[in-house]
Amino acid sequence: MSATPDFRSDDLIYDWNEIGRKGRLIPRDVTFFDETLRDGLQNPSVADPNIEQKLRLIHLMSKIGIHVADIGLPGSSKRAFDDVLRMCREITDNRLPLGVACAGRTVVSDITPMIEISQRAGIPVEVYCFIGSSPIRQLAEDWDLDTIVKRSAEAIDVAVKAGLPVAYVTEDTTRSRPDMLATLFKMAIDHGASRLCLCDTVGHATPDGVRNLISFTKAIIAGHGADGKVRIDWHGHNDRGLALENALWALEFGADRVHGTALGIGERVGNAAMELILLNLKLLGLLEHQDLTHMLEYCNTAAEAVGWQIPINYPLVGRDAFRTATGVHAAAIIKAQGKGDAWLADRIYSGVPAGMFGRKQEICVGYMSGASNVNFWLRQRRIEPSKELVEAILKKAKGSSHILSDEEILAVVDEVNGR
């Protein structure tokens with residue numbers, strides 16, 4: 001048999017995605033910023049993981065290629081401070097290839113705990129200091145421009161003086177006025193911020209908005225003589241269901257760092273899902289050397305830690321992501337496996353190759369199944385698929401309103417073979 005074909009083989013898969021494609025999406029070095037243990041924990045329906053669960057998560061983040069993790073707001077409580085310090089020490093003790101960041105308001109009392117943690121753990125902590133910048137937020141808070149500038153400059157100065165890198169975070173950037181943003185961005189650059197974090201705090205943006213905002217920010221940076229010195233982050237929420245798409249477009253339009261959370265958990269309906277960002281970039285051929293076989297464990301660990309139920313139809317991780325009980329689909333997968341070609345079997349009815357991410361194709365038996373499903377199910381369990389047995393199982397399946405459980409099929413096996 002011929003060698004297994006390359007994933008992008010035009011002989012077997014004609015890829016319309018590549019027709020007229022503008023570029024490689026990430027033609028420069030970009031970094032992935034994991035917000036699971038900060039913004040993810042702001043979801044109103046999750047639990048705060050214990051420290052052992054947090055430590056396990058940061059190990060998994062490093063395994064799937066996350067560059068930096070936001071591990072909390074140490075100024076919010078003693079427990080938050082202690083957990084952040086413990087996680088920093090875990091990273092240094094185990095020499096994990098994972099940078100750390102902490103979030104805080106543009107208030108000096110939120111910045112000083114990060115400085116203390118950095119000094120005690122012996123690790124640089126990126127300071128993500130945030131303040132609202134949109135007119136609607138200004139009205140609600142009774143803030144004027146001078147107040148925002150003064151508070152922001154004081155917070156940035158404290159962190160920079162301590163030698164910590166600073167990302168200046170303008171909340172609700174996607175609904176903020178250009179003149180306001182220009183003033184704030186120039187101030188942040190002048191005071192030593194090395195990153196500007198553009199936030200779609202309420203999930204307002206469309207891809208056009210992403211393009212316009214990033215282009216505007218790049219122009220401000222270049223015009224202020226900071227091109228190559230100040231980077232751009234994209235942080236998006238999913239209120240319109242566009243968080244994943246916007247994150248991918250942000251990379252296309254020039255963001256240097258994109259934020260996400262495990263399973264997209266976060267405020268209200270959540271953030272961009274980190275595992276789906278990585279999955280899509282992998283399938284676009286952009287993370288060729290990045291091992292993503294631990295993503296299933298990363299997602300399941302996060303779900304368990306925060307008490308989250310993964311939807312059964314969730315891409316990659318959901319129970320049904322690679323299951324089929326449909327006769328035509330199952331027959332095609334079985335035929336591909338019969339050719340001894342795992343590559344073919346993993347793609348014949350799947351746009352996401354299960355094996356690339358540590359999963360496998362599953363064939364079930366149900367009301368839309370055929371004999372192929374039953375034969376496959378039985379042979380996988382080393383049960384001889386006699387004609388009588390296959391017909392009995394199919395009869396049971398066709399008369400059911402659901403996919404048969406293993407126990408239901410085995411009951412039929414016992415009944416037929418025990419006659």
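Along the sequence shown, residues carry numbers from 1.
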What distance separates [X] [atom1] from [Y] [atom2], expressed to the nearest 0.5 Å?
X      : Y      : atom1 : atom2 : value
Asp414 : Glu407 : CG    : CD    : 11.5 Å
Thr106 : Ile131 : OG1   : CD1   : 3.5 Å
Asn417 : Ser386 : CG    : OG    : 6.5 Å
Leu198 : Leu181 : CG    : CG    : 8.0 Å
Leu276 : Glu245 : CG    : CD    : 13.0 Å
Ile265 : Met274 : CD1   : CE    : 12.0 Å

Taking atom [atom1] of [X] as the centre, does the number of heavy atoms from other residues, nucleotides or ligands within less than 6.0 Å exceed 12?
X      : atom1 : answer
Ile136 : CD1   : no
Glu116 : CD    : yes
Met187 : CE    : yes
Lys335 : NZ    : no
Arg268 : CZ    : yes

Residue pair Val412, Val416: steps toward the side chain to side chain contact (heavy atoms under 4.5 Å, CB included) verdict: CA-CA 6 Å; Val412 178; Val416 171; 4.2 Å; yes
Examine distances only and state if a side-chain atom of [X] and a backbone atom of [Y] form a donor-acceptor pair shorter than 3.5 Å.
X      : Y      : result
Asn238 : Leu242 : yes
His67  : Phe32  : yes
Gln290 : Leu287 : no
Asp346 : Ala354 : yes
Asp39  : Glu35  : no
Arg347 : Trp343 : yes
Ser118 : Ile115 : no
Lys398 : Ser369 : yes
Asn94  : Leu96  : no
Asp341 : Ala336 : no

Measure across [X] and [Y] and return the closest heavy-atom pair with its distance rounded to 0.1 Å.
X      : Y      : result
Ile156 : Cys129 : CG1-SG, 4.1 Å
Pro74  : Phe81  : O-CB, 3.5 Å
Ser400 : Tyr367 : O-CB, 3.5 Å
Gln138 : Ser133 : OE1-O, 3.8 Å
Cys364 : Asn373 : O-ND2, 2.9 Å
Val413 : Ile383 : CG1-CG2, 4.2 Å

salt_bridge([X], [Y]) N-O dist < 4.0 Å:
X      : Y      : result
Arg56  : Glu52  : no
Lys218 : Asp256 : no
Arg257 : Glu126 : yes
Asp110 : Arg105 : yes
Arg86  : Asp82  : no
Arg137 : Glu141 : yes

Intermediate values then yes/no, side chain to side chain contact (heavy atoms under 4.5 Å, CB included), Val160 and His191: CA-CA 8 Å; Val160 169; His191 284 261; over 6 Å; no
Is a side-chain donor-acceptor pair under 3.5 Å present for [Y] with [X]?
X      : Y      : answer
Tyr168 : Asp233 : no
Thr174 : Asp200 : yes
Thr36  : Asp34  : yes
Glu408 : His402 : yes

Non-hydrogen side-chain atoms of [X] and [Y] separated by less than 4.5 Å:
X      : Y      : value
Met87  : Leu55  : yes
Met180 : Ile148 : yes
Leu316 : Leu296 : no
Leu37  : Asp70  : no
Ile58  : Ile91  : yes

Centroid separation Phe357 to Tyr298 less than 6.0 Å: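 No, the ring of Phe357 stays outside the 6.0 Å limit from the ring of Tyr298, centre to centre.
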Cation-pi check, Arg381 onto Trp377 ring (under 6.0 Å, within 45° of axis):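 So Arg381 does make the cation-pi contact.
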From CA spacing to verdict: side chain to side chain donor-acceptor pair (under 3.5 Å), Asp291, Thr293: CA-CA 6 Å; Asp291 180 7; Thr293 55; 2.7 Å; yes
Working for side chain to side chain donor-acceptor pair (under 3.5 Å), residues Ser176 and Thr173: CA-CA 5 Å; Ser176 298; Thr173 324; 5.6 Å; no
Derivation of the side chain to side chain contact (heavy atoms under 4.5 Å, CB included) call for Ile393 and Leu378: CA-CA 10 Å; Ile393 294 172; Leu378 292 170; 3.9 Å; yes
Within residues 307-318 or reaching into it, pairs that qualify as side-chain hydrogen bond (donor to acceptor under 3.5 Å, both in side chains) - sequence neighbours excluded: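 Qualifying pairs: Glu275-Tyr314.
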CA sep, side-chain torsions, deciding dist, call: Val374, Leu389, side chain to side chain contact (heavy atoms under 4.5 Å, CB included): CA-CA 9 Å; Val374 180; Leu389 179 56; over 6 Å; no
Pair Asp172-Ser134, side chain to side chain donor-acceptor pair (under 3.5 Å): steps then yes or no: CA-CA 6 Å; Asp172 209 10; Ser134 60; 2.7 Å; yes
Of all pairs that satisfy ring-ring contact (aromatic ring centres under 6.0 Å, His included), the ones with a partner from residues 215-247, not counting sequence neighbours: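 Sorted result for residues 215-247: His235-His237, His235-His259.
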